[in-house]
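These notes are about the structure you will find just below.
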Amino acid sequence: MACLHDHSCEEHDCSSDWSLYKHIDLSKVSALNEAVSGSVKSVFRAWEHRLNSSEGHLESNEGDPELIVFIPFTSDVKIKSISVVGGADGTSPAKMRAFINREGIDFSDAQNMQPLQEWDLMENLQGDLEYQTRYSKFQSVGNITLHFSDNLGGDTTQIHYIGLKGEATQLKRDVVATIVYELMPNPSDHKTRSETGGGLSQVE
């Protein structure tokens with residue numbers, strides 16, 4: 001379902017406070033079939049700057065409209081909605097399919113796997129459309145892969161902005177991993193009685 005912004009964003013949780021931009025691990029964002037390597041990183045920015053595409057945009061290779069965008073997060077997130085600003089003259093994406101917590105998805109995988117959710121997209125040059133997720137299915141998201149399988153008739157697909165809104169957990173993913181590690185003591189870190197001839201192993 002798309003959300004048309006004919007209301008006060010401050011009263012309907014549309015403000016930048018809900019943007020997940022600051023939780024995206026931008027250094028690890030990647031795309032398949034991008035005409036310019038690394039250009040995918042330019043489509044992620046703060047919500048209030050969504051129409052500022054001066055830093056570039058993502059475009060597919062000529063004659064091949066498909067794109068896959070991999071978006072990892074620095075902490076697990078809950079995704080409420082996704083916004084996509086595409087290009088003019090038929091270059092906006094027409095379909096979007098989402099997969100979560102899977103790495104390395106290629107075009108063959110995307111075609112053969114069942115997405116968690118898919119949407120038919122409309123041209124959204126002003127950034128006033130948002131596509132709501134089935135929120136209960138988009139919990140504890142460590143990464144999301146978006147597959148744009150077709151466009152509105154252009155020779156290429158252009159994406160100028162991708163915005164995700166929702167909530168992030170308090171702990172970053174690397175912090176969680178450290179906590180789990182510390183909860184599993186390494187025996188070599190501790191002396192035990194058994195090492196000195198005693199019968200019981202006891203951490204000093």
Does a sphere of radius 6.0 Å around CD in Glu55 hold more than 12 heavy atoms from other residues, nucleotides or ligands, not counting ones at 6.0 Å or beyond?
-> no
Sequence-distant partners of Glu167, side chain to side chain donor-acceptor pair (under 3.5 Å), two or more places apart = Tyr135
Residues that Lys28 engages under side chain to side chain donor-acceptor pair (under 3.5 Å), provided they are two or more places apart = none
Residue pair [X] / [Y], side-chain heavy-atom distance below 4.5 Å:
X: Ser92; Y: Asn124; answer: no
X: Lys165; Y: Glu130; answer: yes
X: Tyr21; Y: Trp47; answer: no
X: Asn33; Y: Ile68; answer: no

Report the C-alpha separation of Val69 and Val43 in whole Å, then their side-chain angles, then the decisive distance to 0.1 Å, and conclude whether the side chain to side chain contact (heavy atoms under 4.5 Å, CB included) test is met.
-> CA-CA 11 Å; Val69 177; Val43 307; 5.9 Å; no
Kindly indicate, with the supporting measurements, whether the criterion side chain to side chain contact (heavy atoms under 4.5 Å, CB included) is fulfilled by Tyr131 and Met122.
-> CA-CA 10 Å; Tyr131 295 90; Met122 295 181 284; 3.9 Å; yes
side-chain hydrogen bond (donor to acceptor under 3.5 Å, both in side chains) assessment of Glu59 paired with Thr156 | CA-CA 7 Å; Glu59 187 167 9; Thr156 64; 2.7 Å; yes
Provide the closest heavy-atom pair for [X] versus [Y] in the form atom of the first, atom of the second, distance.
X: Gly104; Y: Asp109; answer: O-OD2, 3.6 Å
X: Pro115; Y: Arg97; answer: CD-NH2, 3.2 Å
X: Pro65; Y: Asn151; answer: CB-ND2, 3.6 Å

Any sub-3.5 Å donor-acceptor pair from Ser60's side-chain atoms to Glu34's backbone N or O?
-> no
Walk me through it: do His147 and Glu66 pass the test side-chain hydrogen bond (donor to acceptor under 3.5 Å, both in side chains)?
-> CA-CA 8 Å; His147 175 215; Glu66 279 194 276; 2.7 Å; yes
Among Asn143, Leu164, Val40, find the residue that satisfies the side-chain contact (heavy atoms from CB on, under 4.5 Å) test when tested with Ile71.
-> Leu164
Audit row: Leu146, Val84, side chain to side chain contact (heavy atoms under 4.5 Å, CB included) steps and yes/no | CA-CA 11 Å; Leu146 300 178; Val84 180; 5.6 Å; no
Take Asp25 and Ser27 through the test side-chain hydrogen bond (donor to acceptor under 3.5 Å, both in side chains) and record every step on the way to the result.
-> CA-CA 6 Å; Asp25 191 347; Ser27 66; 3.0 Å; yes
Check against side chain to side chain contact (heavy atoms under 4.5 Å, CB included), Tyr161 and Ser53 = CA-CA 8 Å; Tyr161 169 79; Ser53 57; over 6 Å; no
Do Ser54 and Asn52 meet the criterion of a side-chain donor-acceptor pair at a distance under 3.5 Å?
-> yes
Quick one: do Ile79 and Phe70 end up in the same hydrophobic cluster if we chain Ile, Leu, Val, Met, Phe, Trp and Tyr together by side-chain heavy atoms under 4.5 Å apart?
-> no
